[in-house]
Amino acid sequence: MNKQVRTRFAPSPTGMLHIGGARTALFNYLFAKANGGEYLIRIEDTDQTRSTDANKEIIKNGLTWLGLGPTDGKWVLQTESIERHKKAVEKLLLEGKAYECFTSKEELEAMREEQQAKKETIRYDGRHRDLSEAQKQAFRDEGRTAVIRIKVPTTGKTGWDDAVQGRIDVPNYTLDDYIIMRADGFPTYNFVVALDDHDMGITHVIRGDDHINNTPKQIFVYEAMGYDLPTFAHVPMIHGKNGKMSKRDGATNVLEYQLAGFMPEALNNYLMRLGWSLGDEEVISLERAIEKFDIGDVNKSASTFDQMKLEWFNAQYIKTTDAQTLFEALEPFFKEKNLNVTDEVKGYLLNGGIDSVKNKTKKLGDLADACAFFFNKPPFSFGEKEVNTLNTDGYRNNLNLFVNKLELETAPVNHDKVSEIIGALCEEHALKFKDFGMPLRVALTGTSSAPGVGDIVEIFGKDVSIANIKSCL
RNA sequence: GUCCCCAUCGUCUAGUCGGCCUAGGACGCUACCCUUUCACGGUGGAAACAGGGGUUCGAAUCCCCUUGGGGAUACCA
């Protein structure tokens, strides 16, 4: 039987969308797409006290930004299936595969301390596994409320063939009869995950390797319910320089990368290269990755987050993205920097402006800064370096020579024409190209860090160029 | 404590069932070149198989141990 491949990403709205979660989502997406399957989203909100609607929105926005929304368009909430979960608990109870446990939290705590002291495995000891009806009633009379625990084998081992980690076996004596329904009546994570993955027809469970320890517990549910096991694939986590990925290593919240000026394509590319590679290829599009991705090729070892390389990827994408697309991505950054985009400026930016500066920046915010001079109008407010440049007598003279020539031009002036004019002036006055470069750049743009003067004149046009230069004389 | 996982340049990685590896690529660092600024780009360079035992004619590649990291041990997910 060849079932259609179906993966899922199951974030918990108890926090924001973590960078590691984004990579897990990406691998799920890639694997599903690579196999012509579906990639679903299930928001695990069973912890009613810690889940928030705000976090649900943040997760949704983050995934949407990355282009990793569900292929079926449905953002499923786990709590929507709560009645089904409760029915499953009842079924296991009825079949004797689960049981009521009245042990109080204090008793549990005491039990753990004792085990700790004896250097034993810390686990629930199964003390209420085989309570008689009379005993149960006695506890109820005491006012105790039961939790439901699932019966787990105490000998032997439980294992599976992990698609990335290989064979994993865990001795059953280290596991315990864990709680599948809390005293408040809400089923717990390890129980409902297995139920939902089965119900949603998930064929491949791809998740972080912090879930390896949960997998046997979930396998018990599949077995108790009589379901077939999916394929499990545990991808390594992302670490920081010193252990856990933390703020020191870069933002952990995906949306911060958007705000910081990263392009989703760059973040996806960087994330997929963490633990997966395609020969010597570095810049890999989603399409290309879908063509080549296999979960079995993912590395088993954890990787360290490196912001420098992310920035390099971002620079690659900025360099190869067209001006129109970049302009749209840039708009929020212009707004943030109080740069008002007039039709005139937009014209500059789209007709050569963005292209003239895009290869010098790594982030969209930097790119917006690099574009800032297109918003400048004379009289310019200069920095020290610019003032010094313009106060040089020779330079001022060169400015005059150039602007006089430029005024004589009748046709539109382009890059080559500017080179021609400067070339002729150099010959005539025994000067060098650089005697014109810096002063002209400053006079045209108000700043010393700008593209070549030929490009600037072409973008601004003859009239604006002349006006700008004259404002500095 | 107990259980599980991992281990190639500073970082991300290549290294198909052991020989083609005096270990390749990328980021970062660095030298030089290009150049009207800042960049981009180009050509080089320094930089790694954690340690110890095996197995083998031969190991980065297989086995064991040590060490070092990470994760889990909740009425969180």
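In what follows, every chain begins at residue 1, and chains take the letters A, B, ... in the order their sequences are listed.
Applying the 3.5 Å distance criterion, the base of B:G71 shares no donor-acceptor pair with the side chain of A:D209. Between the side chain of A:N214 and the base of B:A77, a donor-acceptor pair under 3.5 Å is found.
Rounded to whole Å, the distance from CD on A:Q307 to C1' on B:C12 is 15 Å. If you measure from atom CD of A:E100 to atom P of B:C75, you get 17 Å, rounded to the nearest angstrom. A:N190 has its CG atom 12 Å from the P atom of B:A72, to the nearest Å. Rounded to a whole Å, the CG atom of A:D196 is 12 Å from the P atom of B:A77. Put simply, NE2 on A:H85 is 12 Å from P on B:A77, counting in whole angstrom units. Between the CD1 atom of A:I456 and the C1' atom of B:U37 there is a distance of 10 Å, given to the nearest Å. Put simply, CG on A:L444 is 16 Å from P on B:U37, counting in whole angstrom units. The nearest whole Å value for the distance from the CD1 atom in A:I422 to the P atom in B:U37 is 12 Å.
By the 4.5 Å heavy-atom criterion applied to side chains, A:N468 and A:F380 are counted as neighbours. Contact annotation: the side chain of A:T389 never approaches that of A:S448 to less than 4.5 Å [non-hydrogen atoms, C-beta and beyond]. Side-chain atoms of A:I421 and A:F436, non-hydrogen and from C-beta on, never get closer than 4.5 Å to each other. Residues A:L131 and A:E100 have side chains not in contact (no heavy-atom distance under 4.5 Å, counting atoms from C-beta outward).
Regarding contacts with the backbone of B:U13, a side-chain N or O of A:S303 is found under 4.0 angstrom from either OP1 or OP2. For B:A77, neither phosphate oxygen OP1 nor OP2 lies less than 4.0 angstrom from any side-chain nitrogen or oxygen of A:R42. Using a 4.0 Å cut-off, some side-chain N or O of A:N299 falls inside it from OP1 or OP2 of B:A14. Phosphate proximity of B:C75 to A:K105: absent, as no side-chain N or O sits under 4.0 Å from OP1 or OP2. Contact between the side-chain N/O atoms of A:R112 and the OP1/OP2 oxygens of B:C75 is found at a separation under 4.0 Å. For A:R207, no side-chain nitrogen or oxygen approaches OP1 or OP2 of B:A77 to under 4.0 Å. For B:U11, the OP1/OP2 oxygens have no side-chain nitrogen or oxygen of A:T304 closer than 4.0 Å. For B:C38, the OP1/OP2 oxygens have no side-chain nitrogen or oxygen of A:S448 closer than 4.0 Å. The shortest distance between the side-chain N/O atoms of A:T121 and the OP1/OP2 oxygens of B:C3 is not below 4.0 Å.
Judged as a side-chain contact (heavy atoms from CB on, under 4.5 Å), and not counting sequence neighbours, the contacts of A:E384 are A:N388.
Comparing B:C75, B:U13, B:G71 by their nearest atom to the side chain of A:D210 picks out B:G71. Distances were taken from every side-chain heavy atom of A:K319 (C-beta onward) to each of B:G1, B:U11, B:C40; the shortest belongs to B:C40. The side chain of A:N359 has B:C40 as its nearest neighbour among B:U2, B:C40, B:A77. The side chain of A:K434 sits closest to B:U36 out of B:C3, B:C12, B:U36.
Sorted by first then second residue, the side-chain hydrogen bond (donor to acceptor under 3.5 Å, both in side chains) pairs that include residues 145-156 of chain A, not counting sequence neighbours, number zero.
The shortest non-hydrogen separation linking A:I456 to A:T445 is CD1-CG2, 3.6 Å. Heavy atoms only, all atoms of each residue included: A:G437 and A:V453 are closest at O-CG1, 3.5 Å.
B:G44: Watson-Crick or G-U partner is B:U30, with both key distances under 3.5 Å. Applying the Watson-Crick and G-U wobble criteria (two distances, each under 3.5 Å), B:C21 pairs with nothing in any strand. Under the Watson-Crick and G-U wobble criteria, each requiring two contacts below 3.5 Å, nucleotide B:A7 is paired to B:U67. Shown here, B:C62 forms a base pair with B:G54; the pair counts as Watson-Crick or G-U wobble because both key distances fall under 3.5 Å. For B:U2, the paired base is B:A72 (Watson-Crick or G-U wobble, both distances below 3.5 Å).
Remark: of the listed residues A:Y317, A:F305, A:W312, A:F262, A:F305 is the sole one forming a ring-ring contact (aromatic ring centres under 6.0 Å, His included) with A:Y270.
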If the sugar-phosphate is the primed atoms plus P, OP1 and OP2 and the base is the rest, what is the B/S/- string for nucleotides 23-31 of chain B, using protein heavy atoms under 4.0 Å? -BBBSS---
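Base orientation of B:C32: anti, the glycosidic angle falling outside 90° of 0.
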